[in-house]
Each structure stands twice: as C-alpha cells, then as structure tokens.
Asker: 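Below are the structure tokens for one structure; questions will follow.
Residue numbers start at 1 and run along the sequence shown. For ligands, and for the atoms within them, numbers begin at 1 and follow the listed sequence.
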Amino acid sequence: PPDVNTLGRATWTFLHTTAAYYPPTATPAQQSSMRALIHAVGEFYPCTWCAKDFRDRIAEHAPDVSGRAGLSTWMCERHNEVNKRLGKEVFDCARVMERWKDGPAD
Ligand code: FAD
C-alpha cells in the first residue's frame, strides 16, 4: 500500500495549488470539471479510508467551485477537518493564498 503521509502531502500540494490557480471566476464548464475532479479524488484516492472520509466530507459540504477564493477556502476547510482528526495544527485559511499561490515552500 502507498505511504499515506507522502501521498497526503503530495495530494494536498496538488489540490491547494490547483485551487490557488483556478480561475478567479469559473465558467459553468470549468465548475463541472472541478466538481468531477474533486469527486474523482473521493473515488480513486489510493488510501481507501481517507477516500471514504473525503466522500463523507464532500457530501456534508458541497464543493464551492465558483472561483479561486471560494475553492481555496473550501479546500482549506476540508484539510483542516483531516488535521483535527489527526491531532494536527489547524491552518489559518486567511493565509491559504500566501501559502499556495507562489508554490509550496518545501
Ligand atoms: P499535510 O497535512 O500533508 O499538509 C502539508 C502542508 O499543507 C503543511 O505543511 C501546511 O503548510 C499546509 N496545510 C496544512 N493544513 C492546511 C490547510 N487546512 N489548508 C491549506 N494548507 C494547509 N491521513 C491519515 O492518516 N488519515 C486520513 O484519514 C487521511 N485522509 C486524507 C484525505 C485526503 C483527501 C488527503 C489528501 C490526505 C489525507 N491524509 C490522511 C493525509 C494527511 O492529511 C497528511 O497529508 C499526512 O498526515 C501528512 O501530514 P503533514 O503533517 O506532512 O502535512
């Protein structure tokens, strides 16, 4: 099975960076593509219990695919739910663009 921590860091990097570079205002076609991408993560993420939890979270909080700011905040909140569950520090979502817009620091 994959290393859940390495996979997680790589996946959050992809998801937050993709949200940070998503169009400021997404067209309906872009919104449905992004919705499909998020659902596909829930379907294919190769940590099965992580994927199940992500599907539950998506069902509770519909993805905000309206544009960059909304999607970045939505993604940050979902990541924070995982952080809390794992006893990790909660991230200040006001800093999400600063963290991810110019690429990860690490
Ligand atoms: P990560 O949590 O991977 O974070 C990487 C970097 O992102 C941090 O250094 C920080 O700079 C930044 N960051 C932190 N929080 C936020 C935030 N809220 N918004 C924006 N940026 C932030 N692991 C499990 O053990 N069990 C699970 O059920 C589980 N579910 C997961 C579900 C998904 C969809 C994903 C992508 C990962 C999941 N993981 C799960 C992995 C877990 O979230 C971490 O990636 C892993 O534990 C490694 O943590 P880390 O401390 O290296 O930092």
Side-chain angles (χ1 to χ4, degrees):
D3 171 351
V4 175
N5 293 324
T6 302
L7 178 67
R9 277 190 291 275
T11 304
W12 287 124
T13 297
F14 168 69
L15 291 174
H16 291 303
T17 306
T18 299
Y21 286 84
Y22 188 59
T25 305
T27 65
Q30 290 168 330
Q31 294 187 29
S32 65
S33 295
M34 182 51 69
R35 210 174 279 116
L37 173 63
I38 290 167
H39 281 90
V41 170
E43 183 174 358
F44 297 113
Y45 195 66
C47 158
T48 52
W49 64 92
C50 303
K52 167 73 169 88
D53 182 75
F54 193 62
R55 290 197 297 275
D56 292 346
R57 302 270 75 82
I58 294 171
E60 252 179 63
H61 305 273
D64 180 349
V65 294
S66 59
R68 179 180 296 174
L71 182 62
S72 294
T73 300
W74 182 88
M75 202 65 79
C76 181
E77 288 168 349
R78 302 292 76 72
H79 191 168
N80 273 336
E81 289 170 352
V82 178
N83 288 344
K84 280 182 202 161
R85 204 153 39 76
L86 299 179
K88 290 179 193 279
E89 217 173 292
V90 168
F91 188 90
D92 176 5
C93 291
R95 296 186 46 237
V96 80
M97 298 310 293
E98 173 194 318
R99 171 69 178 89
W100 294 106
K101 182 69 169 73
D102 299 312
D106 46 359

Asker: With respect to atom 41 (C) of ligand 1, which of Gly42, Gly8, Ala51 exhibits the smallest heavy-atom separation?
Answerer: Gly8
Asker: Which is closest to atom 29 (C) of ligand 1 in terms of heavy atoms, Cys76, Cys50, Ala10?
Answerer: Cys50
Asker: Just let me know how Asp53 lines up against ligand 1, side chain, backbone, both or neither, with a heavy-atom cut-off below 4.0 Å.
Answerer: neither
Asker: I need the atoms of ligand 1 closer than 4.0 Å to a non-hydrogen atom of Phe54, numbered in the order shown.
Answerer: 34 (C)
Asker: Yes or no: does Arg85 have any heavy atom under 4.0 Å from an atom of ligand 1?
Answerer: yes
Asker: Below 4.0 angstrom from a heavy atom of Tyr45, which ligand 1 atoms are there? Numbered from 1 as shown, please.
Answerer: 35 (C), 36 (C), 37 (C)
Asker: Verify the cluster assignment for Phe54 and Phe91: are they in a single hydrophobic cluster under the rule of side-chain heavy atoms below 4.5 Å apart?
Answerer: no
Asker: Could you walk me through whether Asp56 and Glu60 pass side-chain contact (heavy atoms from CB on, under 4.5 Å), step by step?
Answerer: CA-CA 6 Å; Asp56 292 346; Glu60 252 179 63; 5.6 Å; no
Asker: Below 4.0 Å from ligand 1: does a non-hydrogen atom of Val4 turn up there or not?
Answerer: yes
Asker: Mind checking whether Val96 contacts ligand 1 via backbone (N, CA, C, O), side chain (CB onward), both or neither, at a 4.0 Å heavy-atom cut-off?
Answerer: side chain
Asker: Select the closest option to atom 7 (O) of ligand 1 among Trp100, Trp12, Phe14, judged by heavy-atom distance.
Answerer: Trp100
Asker: Quick test of your reading: applying disulfide bond (SG atoms under 2.5 Å apart), list the pairs with at least one residue in residues 54-90, sequence neighbours left out, ordered by first then second residue.
Answerer: Cys76-Cys93
Asker: Look at atom 24 (C) of ligand 1 and find which of Leu86, Thr17, Asp3 reaches it with the closest heavy atom.
Answerer: Leu86
Asker: Under 4.0 Å, heavy-atom basis, I'd like to know which part of Met75 is in contact with ligand 1: side chain, backbone, both or neither.
Answerer: neither
Asker: Is Asn83 close to ligand 1, meaning an N/O of one under 3.5 Å from an N/O of the other?
Answerer: yes
Asker: Indicate if Phe14 and Tyr22 have the same hydrophobic cluster label, given that clusters are the connected sets of ILVMFWY residues with side-chain heavy-atom separations under 4.5 angstrom.
Answerer: yes
Asker: Verify side-chain contact (heavy atoms from CB on, under 4.5 Å) between Trp49 and Val4, making sure each step is shown before the conclusion.
Answerer: CA-CA 10 Å; Trp49 64 92; Val4 175; 4.0 Å; yes
Asker: Would you say ligand 1 has an N or O under 3.5 Å from any N or O of Val41?
Answerer: no
Asker: Heavy-atom distances under 4.0 Å are what count here, so tell me which part of His16 touches ligand 1: side chain, backbone, both or neither.
Answerer: side chain
Asker: Flag the pair Arg78 and Glu81 as a salt bridge only when some basic side-chain nitrogen lies within less than 4.0 angstrom of an acidic carboxylate oxygen.
Answerer: yes
Asker: So, Arg68 side chain and Pro23 main chain: donor-acceptor pair closer than 3.5 Å or not?
Answerer: no
Asker: For ligand 1, which atoms have a heavy atom of Lys88 less than 4.0 angstrom away?
Answerer: 47 (O), 49 (O), 50 (P), 51 (O)
Asker: Assigning hydrophobic clusters by single linkage (Ile, Leu, Val, Met, Phe, Trp, Tyr; side-chain heavy-atom cutoff under 4.5 Å), is Met34 placed with Tyr45?
Answerer: yes
Asker: With a 6.0 Å cut-off (strictly less than), is the heavy-atom count around CD of Glu89, excluding the residue itself, greater than 12?
Answerer: no
Asker: Below the 3.5 angstrom mark, is there an N/O of Thr11, backbone or side chain, next to an N/O of ligand 1?
Answerer: no
Asker: My understanding is that only one of Thr18, Ile38, Leu15 makes a side-chain contact (heavy atoms from CB on, under 4.5 Å) with Leu71; could you say which?
Answerer: Ile38
